Amino acid sequence: MDQVKIGKFISSCRKEAGLTQAALADRLGITDRAVSKWETGKSLPDASIMIELCKILNIDVNELLTGEHITMENYKDKAEENLLEMTAKVEKRDKLLLQIEIVMITVVIILLILMTSIGSYMCENGQVVPGTILIFSSLLLLIPFLYFGLKIEHDAGYYECPNCGERYVPTMKAIIWAPHMGWNRKLTCPYCGKKAYHKKVISKNRGEN
Ligand SMILES: [Zn+2]
């Protein structure tokens, strides 16, 4: 996706619609600085306001992402191209999220070991109350990390059923209660109903990782 081209396109469509940056920003409920950032190719409009923006500019999302008016003949090709690029972006983000989770788990384990050993050392040396508090708070610390870790595993990528090969996103509840080995989780497939260890995958397409 060519952000500069998209920016120029937004700018020209905005002028065609007879709007200033400030007027457009006003209608979208955002700052004119955000509009200026799109038009100079520094950022892309959020997915949440893309549809509203396109309505105001009299274009469709596919045209916006391509950065030009599209004729009927090459419409399908452009749509597929844009979809692929958007998918690639999401997959890249998901991979990053899973890497962040590994770092997070490592940090938490180190913190936990450190805090509990200092805590028990304090208990053995007569400082029972502060020592116990330290051990207890290290366990409390675990809760938000555990939650964010599980949330990442829910949001990033898909799970693949080894039986029917379908890829899907399970519910948060299923993720929380499922036993796991590494990234793989024991889940019930919503397609074939078989319970098995389902592999974590980034892409929705079969045969890819
Ligand atoms: Zn299945």
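Count residues from 1 along the sequence. Every value quoted in this text rests on a predicted model; they were computed, and no experiment measured them. Whatever order the structure lists them in is the order used to number ligands and atoms, beginning at 1.
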Contact list for residues 79-111, test ring-ring contact (aromatic ring centres under 6.0 Å, His included), sequence neighbours left out: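 Of all non-adjacent pairs touching residues 79-111, none passes ring-ring contact (aromatic ring centres under 6.0 Å, His included).
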The Zn ion (ligand 1): protein N, O or S atoms that are less than 2.8 Å away, sorted by chain: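 Cys161 SG, Cys164 SG, Cys189 SG, Cys192 SG, with waters left out.
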Aromatic plane relationship, Tyr191 with Tyr168 - under 30° parallel, 30 to 60° tilted, over 60° perpendicular: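 Plane angle over 60°, so perpendicular.
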Other residues, nucleotides, ligands: >12 heavy atoms within 6.0 Å of Lys199 NZ: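 No, because the 6.0 Å sphere around NZ of Lys199 holds 12 heavy atoms or fewer from other groups.
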Flag if over 12 foreign heavy atoms under 6.0 Å of CD1, Ile51: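 Not buried by this count: 12 neighbours or fewer within 6.0 Å.
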Lys194: partners by salt bridge (charged side-chain N to carboxylate O under 4.0 Å, His left out), with sequence neighbours left out: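 With neighbours one apart ignored, the set is empty.
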Pairing residues for Glu91 by the salt bridge (charged side-chain N to carboxylate O under 4.0 Å, His left out) criterion, not counting sequence neighbours: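 Checked Glu91 against salt bridge (charged side-chain N to carboxylate O under 4.0 Å, His left out); zero matches.
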